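A short worksheet on the structure shown next.
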Amino acid sequence: MIAKIIVKCILYNKALNRFLLVQRCQNDDVGANTWENAGGNIEAGETPEDAAIREIREETGIRDIKIKNIAYTAILDGELPDLLIVYLCETLTESVQISFEHQAYIWADEQQCRSLLPKAIIHDFENNNVFDLLRKDNAESKSKP
């Protein structure tokens, strides 16, 4: 099988206990007005990790990025299938400068992710225990005196 490889980045801010979501522009050819995680195509000569860092910087202006691990991989069916490599990344930055590709952003908790993200992404988050990170930090903060 031949597939196009795309990186996506679940960007987590521990201090906020939130994931960063960005909203595609209303005039976008693919997914206009939809919410997503930062990411995109791997350019020639890049590793997937290099592409993840570049895409976060280009789309959000965030520079302090720590790639923790691969959260999951998925294949999206189409004329040419897309292989998604989804990284879990961390940042301490709260301020976001979205690119021309996006029109809004939000640091989202689990409920906001569930209401904004497409069902397919929520399904992948659930199957790969992505929300556990938010729940774990919530539980830890509630147990501290």
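Source: prediction; values computed, not measured. The figures that follow rest on heavy atoms only: side chains count, while hydrogens, waters and symmetry mates do not.
Between Phe19 and Phe125, the ring planes lie perpendicular to each other; the angle is over 60°, past the 30° to 60° tilted range.
Atom-to-atom distance recorded for Cys9:SG and Asn37:CG is 8.0 Å, nearest 0.5 angstrom. Distance SG/Cys89 to CD1/Ile10: 8.5 Å, rounded to 0.5 Å. In this structure, OG1 on Thr60 lies 6.5 Å from CG on Leu11, to the nearest 0.5 angstrom. The OG atom of Ser95 lies 5.5 Å from the OH atom of Tyr105; values are rounded to the nearest 0.5 Å. Atom-to-atom distance recorded for Cys25:SG and Ile98:CD1 is 7.0 Å, nearest 0.5 angstrom. Atom CD of Glu46 is separated from atom CD1 of Ile53 by 10.0 Å, given to the nearest 0.5 angstrom.
With contacts defined as side-chain heavy-atom distances shorter than 4.5 Å, the pair Leu88/Tyr72 does not qualify. Val130 is not listed as a side-chain neighbour of Val86, based on a closest heavy-atom distance of 4.5 Å or more. Between Arg114 and Lys119, the closest side-chain pair of non-hydrogen atoms is not below 4.5 Å. Contact annotation: the side chain of Tyr12 approaches that of Leu133 to within less than 4.5 Å [non-hydrogen atoms, C-beta and beyond]. Residues Val96 and Trp107 have side chains in contact (heavy-atom distance under 4.5 Å, counting atoms from C-beta outward).
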**Request:** Please test Ile6 against Ile85 for side chain to side chain contact (heavy atoms under 4.5 Å, CB included), starting from the C-alpha separation and ending with a verdict.
**Result:** CA-CA 6 Å; Ile6 297 172; Ile85 302 173; over 6 Å; no

**Prompt:** Where do Arg18 and Glu94 land on the salt bridge (charged side-chain N to carboxylate O under 4.0 Å, His left out) test, with the steps shown first?
**Reply:** CA-CA 10 Å; Arg18 302 279 192 275; Glu94 294 181 26; over 6 Å; no

**Message:** Would Gln23 and Thr34 count as a side chain to side chain contact (heavy atoms under 4.5 Å, CB included) here? Give the steps.
**Reply:** CA-CA 5 Å; Gln23 185 182 34; Thr34 58; over 6 Å; no

**Message:** Test side chain to side chain contact (heavy atoms under 4.5 Å, CB included) on Ile65 and Arg57; report intermediate values, then the result.
**Reply:** CA-CA 9 Å; Ile65 305 155; Arg57 287 178 177 167; 3.8 Å; yes

**Message:** Run the side chain to side chain contact (heavy atoms under 4.5 Å, CB included) test on Gln112 and Ile106 for me, step by step, so that the C-alpha distance in whole Å, both residues' side-chain angles and the decisive distance to 0.1 Å come before the verdict.
**Reply:** CA-CA 9 Å; Gln112 291 166 315; Ile106 185 173; 3.5 Å; yes

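With hydrogens and angles disregarded, no donor-acceptor distance shorter than 3.5 Å links the side chain of Asp28 to the backbone of Gly31. Side-chain N or O atoms of Asp109 include one that pairs as donor or acceptor with a backbone N or O of Gln111 at under 3.5 Å. Between the side chain of Asn128 and the backbone N or O of Asp124, at least one donor-acceptor pair lies under 3.5 Å. A donor-acceptor pair is defined here as one N or O able to donate and one able to accept, closer than 3.5 Å; such a pair exists between the side chain of Asn17 and the backbone of Leu134.
Asn33 and Gln103 form a side-chain donor-acceptor contact under 3.5 Å, judged by distance and modelled atom types alone. A side-chain donor-acceptor contact under 3.5 Å links Glu49 and Tyr87. Donor-acceptor pairing under 3.5 Å is recorded for the side chains of Thr93 and Asp64.
Ion pairing between a basic and an acidic side chain is recognised when a charged N comes within 4.0 Å of a carboxylate O; Glu59 and Arg24 show no such pairing. Glu43 has a carboxylate O that lies under 4.0 Å from a charged side-chain N of Arg54, or vice versa, which qualifies the two as a salt bridge. Looking at Glu36 and Lys8, a side-chain N of the basic residue comes within less than 4.0 Å of a carboxylate O on the acidic one, giving a salt bridge.
At a threshold of 4.5 Å between side-chain heavy atoms, the hydrophobic network of Ile, Leu, Val, Met, Phe, Trp and Tyr places Ile67 and Ile5 in one connected group. In terms of hydrophobic clustering, with Ile, Leu, Val, Met, Phe, Trp and Tyr side chains grouped at heavy-atom distances under 4.5 Å, Ile42 and Ile75 are assigned to a common cluster.
Leu16 approaches Asn13 most closely through the heavy-atom pair N-OD1, 3.0 Å. Of all heavy-atom pairs spanning Val7 and Pro48, the tightest one is CG1-O, 3.6 Å.
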